[in-house]
Amino acid sequence: MWMRKRKKDDEEEQEKEEKWDWDGGDFGVYMKEKERKLREQHEADLEAEGGESGFFFKGVVVWVDGFTNPGRDELRRMVYKGGGKLETYFHPRIVTHVVATHFPKFKIVHLQKAMMSNQVHQYVVTPDWIVKSLSQKRRLPESEFLVPGLRDETQSVLNLAQRSGSTELSAGRSMGKTSNPEPASVVAGVGTDVGEDTDPDKFAEKLLHKSTRENPNFVRDYFSASRLHFIGSFRARYESLIAAVAMHRGCSASDLLRTKGTTKENGVMRSIIHIDMDCFFVSVAVAKDPSLAGIPLVVCHQHGGEISSASYEAREKGVRAGMFFREAVKLCPELKIVTYRFEDYERVTFQIYCIFYELSPVVEAVSVDEAFLDVTDADLPQDILAAMPELSNMPPAERIALTIRRRIAEETGCPSSAGIGANKLLARLATKRAKPNGQFYLSDEEAVQYVADLPVRDLPGVGWSTGGKLQELGVERCDDLQRRSLSQLQALVGEKNGESLYRACRGQDDKQVQPMKVRKSLGAEASWGVRFYEDEGLKMHDFVRDLAAVVSEKLQEARAVGQRITIKVYWKMKNASLPHKTLGHGPCDIYNRSVKTERTSDAKTIAEKSIELLNAVKIPPQELRGLGIQVHDLVFLDIVDSSGSNIARFLKQSSTSVGGSTASNPASAKIPSPKLVDSSSLPSGWDESVFRSLPKHVQQEVLEEHRQNQRQDQRARSAGRTSTKSETRSENAPESKPQKKNSRRKPTGINAAVRASVRAKGCA
DNA sequence: ATCCTCCCCTAC
DNA sequence: TAAGGTAGGGGAGGAT
Ligand SMILES: Nc1ccn([C@H]2C[C@H](O)[C@@H](COP(=O)(O)OP(=O)(O)OP(=O)(O)O)O2)c(=O)n1
Ligand SMILES: [Mg+2]
Ligand SMILES: [Mg+2]
C-alpha cells in the first residue's frame, strides 16, 4: 500500500489541546520563581568557585540567546569568574549584555532601530567577547564583538545613543530593502517537463549531490531548506521569540507569560480571538513584491515539488498546500512559483507577535502565523479608542481584532483573518469562515446551527483517518454527528476523543488559552535525501552523528538533559515502487527503538546510543530511507545544582530547596495529586506532595537512588539512573513488529471533487 | 484500576 | 532552493 502522510484535503486550522496543567501555577510565576532561585544559586556557585579571578565583569549581566559555542554553562562560569552574572530570562532592567552567535537578520535590523531611538540598552555581542575578556582578564570593548550585522552598521551603538535621538538610519542599506522589490525570484509556471510520468530517479540522479550519499553537510543543508523543519521548529524558537518581543516592549519575558486565560467556570461569557495570516508564505512574498498580487501563486522550491502555501487565486482552481506542483499546474496552467524566504517569515512572525502582545493580555502561540488571544477582560487602550471614533460602537473583542489586523497590514503588508467566539473552537471555526482578509464573530446563539452545517472534516482533530471512519458510518456533516450517542463515538475513536468529538460537533469546548507549555520531548529527523551504498555503513554512522549533534544542540538550547533516546528508522519496503517525491523516502516500514540512558545532552553519547539502536535494527545501509532521534524524559537544568542534580537531595529539603524541574514538575509548583505511593513508604523528611508531583519515571529513579544511597550509605553519588538493565521491551523482544505507516485502508468513497471544491467565503 | 510502552493521528 | 519536520494527545494492549 502506498505510504502517504500528506493528505490532499484542504488544510485546516489546528487545535492544540493542553491537557496538562499545574493546578494553579502559571508560567509567569514559574519563570519568576526560577529567576529567583537562579540568582540564589549563582551566589552560591560564586562562593563555591572559591574566588573569582577578577572584577572586570563587575556590573555585567549576561543573557544568552539561543545556542552558542561555547555553551551557556561554560559562558556562565566565565562570566562569574570575572565578577559578573548570567540571567536565564531576559529582563531589560537587569540584563546589560545579550550574547548570541546566530542572530537572525530581522532582529538585527530591528535592534538597530530600537537602539537608535534609545529603547534598547543592551549590548549584543558574540561569546568571544566573554572568552577573550576572560583570557586577558579585562573587559574588552564591546564594539569589537558586536554580532556581525550590527558590527558594520551601528558601531558601539550604546555610545552613539545619546546623540542620535531621531537620526534616520544610514541611508538605504538594510532598511531600504523593505521598499525595494526583490529581484525576481518568480519562476514561470511552466515546469520543465512536468506532467509526464518521468522516472523520478532520473531526476534523483541529478539531485544526488544533495543527498547523504554525496553531501557531507547534508543534515544542515537539508534543514535549512526544509519548510517543514522551519514550521516544525517554531515552538523550539518560541522562547527566543518571546525574549525578542520583551526586548522590543521593554518588559521581561515572564511579564508576557504571566496571565493565564480565563476559564468557563464563573459563568461569564468568554471572548476568544483566533487570528491567522492569510496564505502566510505567499503573502510575505507579495508584500515584498506587490506586482505578484492578485495572481495564482504558490510557494515551493524552484523546480516544483510540494506546495507550501497557495494564494487564494490559486485556491479557486483547486490548488492546495501539500499538493505537488506538477499536479497543481494541471489544475491551473498559469500558476506561478515564488521560492522560500525563511528569514522574512521569521521577521513577520516577530512583528505579529509584538502586536498580539501589545493588544492582548493573554497570547497562546499556535504556529508561525497563528495565535489564540483571550480578550475576555480586555479592550483597546483609551488613546487608540480616542483616535478611532468609528470603533466606538463595536464590541471590544471585535475592535481589538480589527485593530490588530490593521496593524499587521500596516507593519507587514500582509492580510490576516480573525475569528471571535466564546471558546477556542468557535473562534477557530469563525476564522475559517472569515478568510481571506476578514473577521467573523460566531455568537453562542448561532453556534450550534452553524457547526451543524459544517462537514465533519472542518472540526479540528478530525483528519484524514477519523474523517474516513466517520464517512463509513454515513456521517458527513456535524449534524449527523450530533445525532450519534456519546458511547457510539467513543467506540469509534476512543474514550477521550469520542467525548471531544461529541462536544465539538455542538460547538462546545472549555479549554483555556495557555500562555506557554513545557516541552516533554525533542528530536530531529530526516527522511528525504537519505541514500547510502551497501558498503557505506560508516558513512551512515556519520549521518547518525550529525543528527545527534542537532539533537544535542536543541537540548542545550532548552537547558535540558534527557533520559530516554528513541530512534525511528525508515526502512524501504521490499519491492517498493519509486518514491513519488524525488529523493523521498517512498513506501517504508518504520521501526522505533528506544533505551533509557543516564541524563545527557551530549552529542557523543546520543550518537553512540543511537548507533547501537540502529545496529540492533540491522538495516542494510542501502535500504535506509530516513532516520530520527528523539529524546524523552527531559529534566530541565535551570534549577539543578551544578554538581549534577540529585533530586533526592532536593526532596529531602523543604519545597523551597533546589532541584531539577521536569515537564510535569515545574520546579517549586506544589501539586496535590492522587495518591500514587503511600506516604508511609516515603523516606522520612521527604516532601510527599513534591514527590507525588514528579512524573513516574522520576519517582522511580528517586526511590532507586535513595535505596542505593542507603545501601552504600556513603557520600552522595553522581545522579542518573543506575543499571536497571536494558529496560526497553524493544531491546529484549527478539522481533518487534514494524509500524506500518497508514496501514489503515484508505477510506473509500471520499469524493475528490467535494474535497477539492472551494467553499465561497464571506468576508466581514 | 492504573501504569507503561509502542504506536497512530493530527496540526502547522 | 526539486529538501516527506516536529511535538503532543491519546488509544491498544500487556504488565503490575
Ligand atoms: N501543508 C503545509 C501547511 C502549511 N505550511 C506553511 C505554509 C503556510 O503559509 C504556513 C501557515 O499555514 P496555514 O495553515 O495557516 O496556511 P496559510 O497561511 O498558507 O493559508 P490560510 O490562509 O488558509 O491560513 O505554514 C506548509 O508549509 N505546508
Ligand atoms: Mg495562515
Ligand atoms: Mg496557520
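Numbered from 1 within each chain, the chains take letters A, B, ... in sequence-line order.
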Would you please confirm or rule out a distance under 4.0 Å between OP1 or OP2 of C/dA3 and any side-chain N or O of A/Y340? no

Please confirm whether the shortest side-chain N or O distance from A/T582 to OP1 or OP2 of C/dA3 is below 4.0 Å. no

### Message
Just N and O in the side chain of A/S233: are any of them under 4.0 Å from OP1 or OP2 of C/dG5?
### Response
no

Review point. Hey, is A/H301 doing a stacking thing with C/dA3, by the 5.5 Å centroid and 30° angle criteria?
Key: no

Among the nucleotides C/dT1, B/dT10, C/dG4, whichever has the atom closest to the side chain of A/T339 is C/dT1

Item checked: Donor-acceptor under 3.5 Å (A/T431 side chain, A/G419 main chain) -> yes

Item to check | A/R227 side-chain N/O to C/dG4 phosphate OP1/OP2 under 4.0 Å | outcome: yes

>> Over all strands shown, is A/A526 touching base, sugar-phosphate only, or nothing at heavy-atom distances under 4.0 angstrom?
In response: sugar-phosphate

Less than 4.0 angstrom between a side-chain N/O of A/S226 and OP1 or OP2 of C/dG4, yes or no?
yes

C/dG11 phosphate, OP1 or OP2: any side-chain N/O from A/N497 under 4.0 angstrom?
yes

Rounded to whole Å, CZ of A/F543 lies from C1' of C/dA3 at a distance of 12 Å

Of the listed C/dG5, C/dG10, B/dC7, the closest approach to the A/K496 side chain comes from C/dG10

Those residues at least two apart in sequence (or on a different chain) that pass side chain to side chain contact (heavy atoms under 4.5 Å, CB included) with A/A225 are A/H301

- Message: Check this for me: does any side-chain nitrogen of one of A/E557 and A/R237 sit under 4.0 Å from a carboxylate oxygen of the other?
- Response: no

Between CD of A/E495 and C1' of C/dA12 the distance, given in whole Å, is 13 Å

Using OP1 and OP2 only, check whether a side-chain N or O of A/K581 sits under 4.0 Å from C/dA3.
yes

Touch check for A/V493, heavy atoms < 4.0 angstrom, all strands: base, sugar-phosphate only, or nothing?
-> sugar-phosphate

Rounded to whole Å, CD1 of A/I231 lies from P of C/dG4 at a distance of 9 Å

The residue, A/L522 or A/G494, whose nearest nucleotide of DNA chain C is more 5′ is A/L522

Give a yes/no answer on whether the side chain of A/K520 brings an N or O atom under 4.0 Å of OP1 or OP2 in C/dG9. yes

A/K210 atom NZ is separated from C/dG4 atom C1', nearest whole Å, by 17 Å

Would one find a side-chain N or O of A/S594 under 4.0 angstrom from OP1 or OP2 of B/dC6?
yes

Problem - Contact under 4.0 Å: A/T466 side-chain N or O vs B/dC9 OP1/OP2 - result: no

TODO: Check whether any side-chain N or O of A/S224 sits under 4.0 Å from OP1 or OP2 of C/dA3, and answer yes or no.
DONE: no

Rounded to whole Å, the CZ-P distance (A/R531 to C/dG4) equals 14 Å

Here the distance between atom P of C/dT1 and atom CZ of A/F325, to the nearest Å, is 19 Å

Across all chains, not counting sequence neighbours, the side chain to side chain contact (heavy atoms under 4.5 Å, CB included) partners of A/A548 are A/I606, A/A607, A/I629

_A/K435/A/D278 ion pair, N-O < 4.0 Å_ = yes

### Message
Under 4.0 Å, heavy atoms only, any strand: does A/F234 hit a base, just the sugar-phosphate, or nothing?
### Response
nothing

Of B/dC7, C/dG4, B/dT10, the nucleotide closest to the side chain of A/P579 is C/dG4

Taken to the nearest whole Å, NE2/A/H585 to P/C/dA3 is 12 Å

Regarding the side chain of A/E525, the nearest nucleotide among C/dA3, C/dT6, B/dT10 is C/dT6

Short N-O contact, A/D546 and A/R220, less than 4.0 angstrom
no

Are the ring centres of A/Y345 and A/F350 closer than 6.0 Å?
no

Side-chain contact check for A/Q302: nearest option of C/dG5, C/dA2, B/dC6 is C/dA2

| field | Side-chain N or O of A/H229 closer than 4.0 Å to phosphate OP1/OP2 of C/dT6 | value | yes

On DNA chain C, more 5' by nearest nucleotide between A/G232 and A/A491 is A/G232

Between A/K554 and C/dT6, does any side-chain N or O lie under 4.0 Å from OP1 or OP2?
yes

A/H303 side chain N/O closer than 4.0 Å to the phosphate oxygens (OP1, OP2) of C/dA2? yes

